[in-house]
Amino acid sequence: MKRRGLLAAAGVVALTLDLTVPARAQWIVFDPNNYVQSVLAAARELQQINNQITSLQNEAQMLINQAKNLANLPYSSLQQLQSSIQRTQQLLAQAQRIAYDVDQIDRAFSTSYAPATSSQSNQLLISNAQSRWQNSYAATQDALRVQAGIVGNLDTNRIQMSALVTSSQSASGALQATQAGNQLLALNAQQLADLTAVVAAQGRTQSLEAAQRAAAQDQGREQLRRFLNPGQGYQSSNVQMFH
């Protein structure tokens with residue numbers, strides 16, 4: 001009877017404890033596989049976000065580079081180069097007497113530089129000789145003026161070259177670098193144009209001097225012929241030898 005009473009009491013205590021414990025206090029089961037899968041899924045989402053951010057950054061940088069490549073060079077030497085070329089052209093255009101004109105040259109060599117003939121008067125021979133000397137004198141002056149003008153361009157060219165080299169080295173994009181290179185080529189072309197002008201001016205002077213010597217020799221022979229043959233219209237008072 002006593003044992004039966006203890007068992008009954010234990011059952012009552014157990015029933016009382018079961019009724020007083022809340023349902024949330026029951027044991028929670030941890031699933032490691034599910035946890036790993038959740039972490040991996042979160043990591044993949046994070047990687048996708050990072051990839052999207054990197055792609056956007058690359059696109060932004062590409063747009064920035066395109067903008068740089070399309071940016072114009074802030075410096076231009078075109079006006080200065082054009083001014084230098086115009087100054088040289090003006091000096092050439094100011095050539096005196098026989099200038100750089102084919103028709104004018106042809107007329108001169110058909111008159112004052114033409115071979116002396118027996119039909120020409122002594123006065124005409126003297127006039128032609130004076131005209132040839134004046135042509136050579138003017139050509140020498142013109143050549144010196146062209147040379148002086150080109151020497152004056154040297155300082156401008158030096159400044160432009162320094163500025164263009166600096167611009168090329170600091171170019172932020174392909175277009176700026178190309179424009180700087182093109183302007184350097186233009187400067188080189190302008191310098192070659194100056195060199196061509198000098199050669200042309202010097203060549204003109206040398207050619208006129210050579211033509212003057214040739215004409216003077218021819219005229220000298222004609223005057224000598226007239227001296228030796230006074231009966232063919234030679235006038236002793238007009239004898240002048242031009243060499």
Side-chain angles (χ1 to χ4, degrees), residues 78-158 160 186-243:
L78 180 60
Q79 183 176 358
Q80 290 80 1
L81 295 179
Q82 288 178 335
S83 297
S84 296
I85 292 177
Q86 288 174 354
R87 283 195 297 270
T88 302
Q89 289 177 331
Q90 289 172 356
L91 290 172
L92 292 174
Q94 292 170 1
Q96 307 169 76
R97 301 180 68 83
I98 299 180
Y100 302 94
D101 181 85
V102 175
D103 293 336
Q104 192 175 12
I105 293 172
D106 289 342
R107 286 194 298 270
F109 274 79
S110 64
T111 54
S112 59
Y113 289 90
T117 64
S118 58
S119 62
Q120 294 174 330
S121 66
N122 289 338
Q123 187 61 39
L124 179 60
L125 293 178
I126 295 173
S127 176
N128 287 341
Q130 291 177 337
S131 178
R132 291 192 298 269
W133 178 86
Q134 291 172 350
N135 290 340
S136 297
Y137 181 86
T140 301
Q141 183 182 16
D142 292 338
L144 291 174
R145 294 178 71 244
V146 170
Q147 292 172 3
I150 291 174
V151 169
N153 288 340
L154 291 178
D155 190 57
T156 300
N157 293 343
R158 178 187 60 80
Q160 298 307 314
L187 175 59
N188 187 32
Q190 183 265 320
Q191 292 172 332
L192 288 176
D194 279 353
L195 179 61
T196 301
V198 170
V199 172
Q202 291 178 340
R204 172 172 174 260
T205 301
Q206 294 171 357
S207 297
L208 288 176
E209 288 178 351
Q212 179 189 8
R213 288 194 297 269
Q217 291 175 358
D218 181 73
Q219 180 174 324
R221 286 192 294 269
E222 174 62 20
Q223 288 182 323
L224 179 61
R225 186 190 65 78
R226 294 183 184 185
F227 178 77
L228 296 176
N229 299 277
Q232 297 182 2
Y234 170 73
Q235 299 177 5
S236 58
S237 59
N238 290 329
V239 175
Q240 293 193 32
M241 304 291 288
F242 290 90
H243 297 280

**Study point:** Distance, nearest 0.5 Å, that separates CD of Gln123 from CG of Asn128
**Key:** 10.0 Å

Check your understanding: How far apart are the closest heavy atoms of Asn153 and Ser84, and which atoms are they?
Key -> ND2-O, 3.6 Å

Check your understanding: Is the backbone N or O of Ser136 less than 3.5 Å from a side-chain atom of Thr140, with the two atoms forming a donor-acceptor pair by type?
Key -> yes

Practice item. Please step through side-chain contact (heavy atoms from CB on, under 4.5 Å) for the pair Asn135 and Gln212, ending with a clear verdict. Key: CA-CA 9 Å; Asn135 290 340; Gln212 179 189 8; over 6 Å; no

Exercise for review: Over all heavy atoms of both residues, which pair between Ala139 and Thr205 is shortest? Give the atoms and the distance, please.
Suggested key: O-OG1, 2.9 Å

Check your understanding: Under the 3.5 angstrom rule, does the side chain of Asp142 hit a backbone N or O of Gln96 as a donor-acceptor pair?
Key -> yes

Check your understanding: Which distance, rounded to the nearest 0.5 Å, do you find between the CG of Leu208 and the CZ of Arg213?
Key -> 11.0 Å

**Study point:** Counterpart residues, side chain to side chain donor-acceptor pair (under 3.5 Å), relative to Ser110 (two or more places apart)
**Key:** none

Review point. Is there a donor-acceptor pair under 3.5 Å between the side chain of Gln130 and the backbone N or O of Ser127?
Key: no

Review point. Does the Gln80 side chain pair with the main chain of Thr156, one donor and one acceptor, at a distance under 3.5 Å?
Key: no

Check your understanding: Do Arg204 side-chain atoms and Ile98 backbone N/O form a donor-acceptor pair below 3.5 Å?
Key -> yes

Review point. Rounded to the nearest 0.5 Å, how far apart are CG of Leu187 and CG of Leu81?
Key: 5.5 Å

Practice item. Mind checking the CG-OG spacing from Leu124 to Ser131? Nearest 0.5 Å is all I need. Key: 10.5 Å

Practice item. Indicate the atoms forming the closest heavy-atom contact of Leu125 with Ala116, along with that distance. Key: CD2-CB, 3.8 Å

**Study point:** Whether Arg132 side chain and Tyr113 backbone form a donor-acceptor pair below 3.5 Å
**Key:** no

Check your understanding: Which heavy atom of Ala95 sits nearest a heavy atom of Tyr100, and at what distance?
Key -> CB-CE1, 3.8 Å

Check your understanding: Can you tell me how far CZ of Arg226 sits from CG of Leu224, rounded to the nearest 0.5 angstrom?
Key -> 12.0 Å

Check your understanding: Between atom CG of Leu92 and atom OG1 of Thr88, what is the distance when rounded to the nearest 0.5 Å?
Key -> 7.0 Å

Review point. When you measure from the side chain of Gln104 to the backbone N and O of Arg97, does any donor-acceptor pair fall under 3.5 Å?
Key: yes

Practice item. Compare every heavy atom of Glu222 with every heavy atom of Ser118, then report the nearest pair and how far apart it is. Key: CA-OE2, 3.4 Å

Review point. What is the minimum heavy-atom distance between Thr111 and Arg107, and which atoms define it?
Key: OG1-O, 2.8 Å

